[in-house]
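First the proteins, then the strands, lettered A, B, ... as listed; each starts at 1.
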Number of protein chains: 2
Amino acid sequence: MANIKDVARAAGVSSSTVSRVINDSPSISNETKAHVRHVIKTMNYTPNQNAKALTNNKSYTVTLLVDVDDEKAFQNPFFYEVMHGIEKYVYQKEYSLIVANLNTKVKKTNVLDWLVKGKRTEGVILPSAILDPAIVEDLRKEGVPFVSIGEPEKVRQSVSWIDIDNLKGTERATYRFLEQGRRQIAFIGLESSELFSRRRHQGYISALSSYGITPDPSLVITCANTKENGEHHMTRILEGPTTPDAVICADNMLSFGVLKAIKDKGLRIPEDISVISFDNAQTAELSYPSVSTVDVDVFELGYRSAKLLFDRIGNTDLAEEGILISTVITTRET
Amino acid sequence: MANIKDVARAAGVSSSTVSRVINDSPSISNETKAHVRHVIKTMNYTPNQNAKALTNNKSYTVTLLVDVDDEKAFQNPFFYEVMHGIEKYVYQKEYSLIVANLNTKVKKTNVLDWLVKGKRTEGVILPSAILDPAIVEDLRKEGVPFVSIGEPEKVRQSVSWIDIDNLKGTERATYRFLEQGRRQIAFIGLESSELFSRRRHQGYISALSSYGITPDPSLVITCANTKENGEHHMTRILEGPTTPDAVICADNMLSFGVLKAIKDKGLRIPEDISVISFDNAQTAELSYPSVSTVDVDVFELGYRSAKLLFDRIGNTDLAEEGILISTVITTRET
DNA sequence: GTGAAAGCGCTAACAC
DNA sequence: GTGTTAGCGCTTTCAC
């Protein structure tokens with residue numbers, strides 16, 4: 001395996017020159033650069049990253065910290081897309097991406113400490129679900145930049161984060177209905193234990209109230225994200241005092257049941273009741289009729305989280321920042 | 001940040017002694033060890049991994065190579081469990097796990113070359129779906145150990161791999177039915193484009209033939225893994241010439257439809273028709289009645305793949321090896 | 001515009 | 001059982 005000295009010798013220059021060429025230093029003449037690059041090519045030389053890491057005191061590596069025990073949070077396609085987004089940005093920066101599980105222990109110390117103190121990683125991306133005051137304290141103490149995927153909830157410290165703009169998402173969907181003249185707009189959401197669920201609910205309320213409408217309690221329900229729940233609760237709403245002319249559905253699983261309930265009652269979609277759900281396109285197209293959605297770009301979520309992190313790696317005293325990624329309403333048949 | 005010299009100075013020994021203590025060399029007296037370890041503790045010293053990597057010419061890192069564009073292969077909980085298994089083993093070895101996407105480019109070269117030639121990684125784990133002759137050639141040329149998750153298919157070269165024992169899985173399930181005296185055993189499988197599908201089919205045939213039974217073509221169907229397909233094809237089988245008294249279902253999605261079709265025909269499960277499906281417990285418990293399954297341990301799959309890899313990192317001229325992980329039949333209500 | 005030399009933090013051969 | 005020293009492959013200051 002050729003090293004920088006071999007290249008230098010072969011090119012008839014010093015190793016510092018080769019180094020400068022590799023790093024495209026402006027102080028090297030174009031002829032020398034061309035020559036050395038040629039030699040590098042023919043010798044098939046690749047710099048040893050460990051040496052580079054040692055010299056520059058940088059690992060050229062960032063870490064995605066996950067909690068494998070939190071099934072809800074990450075055993076879904078969502079996670080994979082986020083990771084893909086992160087991956088893309090990270091490798092563009094010529095860094096590599098480490099994945100580590102929060103609960104893993106290495107020599108009895110937690111992975112994160114091990115990675116950080118051992119200078120194996122320069123930054124950390126972690127889901128808000130595992131962001132608690134203790135971890136923040138830890139990361140701060142080590143002085144390693146980090147960003148949260150998801151708006152932080154359990155943490156009072158100011159941290160950098162990125163999230164889908166859930167509130168605006170449902171708000172816009174609700175506005176759309178209002179502009180269509182619909183006024184009995186139902187909301188079927190997820191339980192409010194998660195911040196994003198509450199945000200989606202808030203968006204609905206916000207839009208209504210700007211039209212001077214108070215949400216009708218009989219049109220609002222929250223439950224776990226199963227198809228069955230969607231069907232059950234939509235049926236109850238349809239049998240209730242107010243028949244809605246539109247439904248905001250905060251989750252795609254729910255929407256499958258919601259659509260079924262409406263069809264079973266013999267109502268027309270979207271003429272009698274229009275429906276907008278939330279989430280990725282993939283599943284939305286499987287429903288019949290295919291459900292309109294507030295689309296979230298999870299790849300972008302990952303990509304931007306990495307960008308946010310690298311900003312802070314490049315400049316340690318950058319202020320903390322929270323970023324919301326806009327959603328887009330995709331109109332389908334409902 | 002303290003380094004080894006600082007520790008040495010503070011402990012009143014040389015840095016080689018500290019190094020030996022860190023690596024638990026037998027040539028150091030117990031008193032010295034105890035003393036140095038104490039100093040290390042109080043100084044909160046952690047060895048710089050980049051320096052270690054350079055000195056030992058090891059990156060202490062392995063790579064999980066994925067293909068994010070192959071949605072089928074990895075946008076499922078399966079992937080996550082596998083990764084978890086890998087992660088666990090890797091960190092036990094005090095290595096870290098890099099994740100990289102096959103199609104990512106770094107400085108116009110593919111990630112893998114970049115990782116390998118740059119000495120960023122010592123070994124590679126990759127799904128059989130992306131294992132083709134060119135990649136094998138590439139990895140061999142670089143001399144980097146690798147293992148395939150999944151029995152290789154597109155490759156003639158001998159490689160190390162690990163997989164679920166799909167054949168034995170369906171074979172055992174079929175035997176169970178045969179031992180119960182059932183003889184009209186249907187098989188609803190996945191399309192034979194994937195090796196694991198064919199293996200599951202082969203297991204079914206193998207068990208039958210050892211009982212001297214030739215599979216009844218009207219009882220065998222393969223299709224894509226949707227609930228609807230399961231329902232549709234099961235219905236057709238039930239309306240066909242032979243009424244089965246048992247069904248081997250090679251995929252859990254299918255089984256949901258299969259159960260529905262049987263119930264809709266008014267047949268009793270398991271009295272009239274018994275069903276065994278394939279895959280993880282989680283989804284199986286959601287069906288009604290809860291479906292018995294051939295369980296696969298995907299965590300183990302990941303864990304053992306990492307083990308297989310580290311065997312080869314430790315000893316480069318170990319022979320290639322293929323490992324099949326046994327399945328277990330979990331009896332539920334069907 | 002390029003080279004010589006020191007140094008990043010660790011390990012290992014050799015000395016005692 | 002422990003210390004001295006050279007060296008891993010790169011970058012960077014200082015010279016010229």
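- Once you apply a 4.0 Å limit to the heavy atoms of chain A, the touched nucleotides of DNA chain D run 5' to 3' over D/dG9 to D/dC14.
- The stretch residues 42-66 of chain A participates, sequence neighbours left out, in no salt bridge (charged side-chain N to carboxylate O under 4.0 Å, His left out) pair at all.
- For A/Asn23, the side-chain contact (heavy atoms from CB on, under 4.5 Å) partners at least two apart in sequence or on another chain are A/Ser19.
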Requested in this report: Please step through side chain to side chain contact (heavy atoms under 4.5 Å, CB included) for the pair B/Leu324 and B/Ile164, ending with a clear verdict.
Outcome: CA-CA 5 Å; B/Leu324 287 170; B/Ile164 298 298; over 6 Å; no

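- Partners of B/Thr316 according to the side-chain contact (heavy atoms from CB on, under 4.5 Å) rule, which considers only residues two or more places apart in sequence or in another chain, do not exist here.
- For A/Tyr89, the ring pair (Phe, Tyr, Trp, His ring centres under 6.0 Å) test picks out A/Tyr303, A/Phe310, with sequence neighbours left out.
- Annotation: side-chain contact (heavy atoms from CB on, under 4.5 Å) contacts of B/Ala53 (sequence neighbours excluded): A/Asn50.
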List the atom pairs, with distances to 0.1 Å, where a side-chain N or O of residues 139-146 of chain B and a protein N or O form a donor-acceptor pair under 3.5 Å, not counting sequence neighbours.
{"from": "B/Arg140", "atom 1": "NH2", "to": "B/Ser158", "atom 2": "O", "distance (Å)": "2.4"}

**Report entry** Nucleotide-resolved protein contact map, nucleotides 7-14 of chain C, B/S/- at heavy-atom distance under 4.0 Å
**Finding:** BBBBBBBB

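- Note on A/Ser27: a base of the nucleic acid sits closer than 4.0 angstrom, heavy atoms only.
- For the contact set between residues 32-44 of chain B and DNA chain C, defined by any heavy atom under 4.0 Å, there are no members.
- Residues that satisfy the side-chain contact (heavy atoms from CB on, under 4.5 Å) test with B/Glu321, not counting sequence neighbours, are B/Ser160, B/Leu308, B/Arg312, B/Ile323.
- Screening residues 14-67 of chain A for ring pair (Phe, Tyr, Trp, His ring centres under 6.0 Å), with sequence neighbours left out, gives A/Tyr60-A/Tyr95.
- Residue pairs satisfying the side-chain hydrogen bond (donor to acceptor under 3.5 Å, both in side chains) criterion with at least one member in residues 109-119 of chain A, sequence neighbours excluded, are listed as follows: A/Lys117-B/Asn44.
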